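This one's a predicted model, so the numbers in the text were calculated from it and none came from an experiment. Note that these values count all heavy atoms, side chains included, but never hydrogens, waters or copies made by symmetry.
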Amino acid sequence: MSTASAAQNFPGGPDDRLPTFEEVCTFDAESSWDRLTPEQQRIIGVLAVKFAVVGGRLHYEHPAFTRQQINEIDTRSDVLLNGLIEKVEPFWADLYGWRSH
């Protein structure tokens, strides 16, 4: 089902639907980014950088970290990822191009 037909077959508005399997698999992040407002880009960008910096730290050897410190970083990474997902979810209609501008 194409994005257009999925949108037409969805009874709610663009903010109330979830992406189809096809939409997820063919998602074009570059085009989607261009559809966002500068404020939306800033919100997502800041959260993505925070997540990448904190979460990315665990992908390297860290002999100077204790197990407790590693767990704290891992927990912070999880919190940041969940925050990123929560902040991005309201933008799905814009990211997937469901909203008419």
Side-chain angles (χ1 to χ4, degrees):
M1 179 181 308
S2 72
T3 300
S5 62
Q8 291 170 349
N9 292 332
F10 188 76
D15 292 320
D16 296 325
R17 68 175 284 232
L18 296 173
T20 64
F21 177 77
E22 180 183 337
E23 288 170 325
V24 171
C25 291
T26 60
F27 182 74
D28 179 357
E30 190 172 319
S31 294
S32 297
W33 186 260
D34 292 342
R35 284 192 290 271
L36 296 176
T37 67
E39 179 61 25
Q40 290 170 321
Q41 290 174 346
R42 179 168 174 70
I43 289 168
I44 292 172
V46 167
L47 291 168
V49 168
K50 284 182 183 179
F51 175 69
V53 169
V54 173
R57 180 61 181 104
L58 292 179
H59 292 285
Y60 300 97
E61 289 190 32
H62 31 66
F65 287 180
T66 66
R67 172 59 37 205
Q68 180 181 357
Q69 289 170 325
I70 291 169
N71 289 340
E72 287 179 28
I73 291 171
D74 193 37
T75 298
R76 181 160 169 75
S77 178
D78 287 345
V79 167
L80 288 168
L81 176 59
N82 288 331
L84 177 63
I85 292 167
E86 287 175 11
K87 289 289 188 177
V88 170
E89 190 272 332
F91 304 145
W92 279 6
D94 299 306
L95 290 166
Y96 281 99
W98 301 331
R99 188 183 326 276
S100 299
H101 289 282

Inset, instruction - Tell me, please, which residues at least two apart from L47 pass side-chain contact (heavy atoms from CB on, under 4.5 Å). - result: I43, L84, K87
Legend entry - Interatomic distance, F27 atom CZ to L95 atom CG [nearest 0.5 angstrom]: 5.0 Å
Legend entry - side chain to side chain donor-acceptor pair (under 3.5 Å) pairs, two or more places apart, involving residues 38-54: T37-Q40, Q40-D94
Legend entry - Closest non-hydrogen atom pair between A93 and D15, with its separation: CB-OD1, 3.5 Å
Inset, instruction - Look at the side-chain heavy atoms of Ile, Leu, Val, Met, Phe, Trp and Tyr, link any pair under 4.5 Å apart, and say whether F21 and L18 land in one connected group. - result: no
Legend entry - hydrophobic_cluster_shared for V79 and F51, side chain cutoff 4.5 Å: no
Legend entry - Hydrophobic cluster identity match, V46 and L36, side-chain contacts under 4.5 Å: no
Legend entry - T75 side chain vs N71 backbone, donor-acceptor pair below 3.5 Å: yes
Legend entry - Over all atoms of both residues, closest heavy-atom pair of P90 and E86: CD-O, 3.1 Å
Legend entry - Geometric class of the W98/Y96 ring pair [parallel <30°, tilted 30-60°, perpendicular >60°]: parallel
Inset, instruction - Just jot down the side chain to side chain donor-acceptor pair (under 3.5 Å) partners of N82, sequence neighbours excluded, or say none. - result: none
Inset, instruction - State yes or no: do F91 and W33 share one hydrophobic cluster built from I, L, V, M, F, W and Y residues joined by side-chain heavy-atom distances below 4.5 Å, directly or via other members? - result: yes
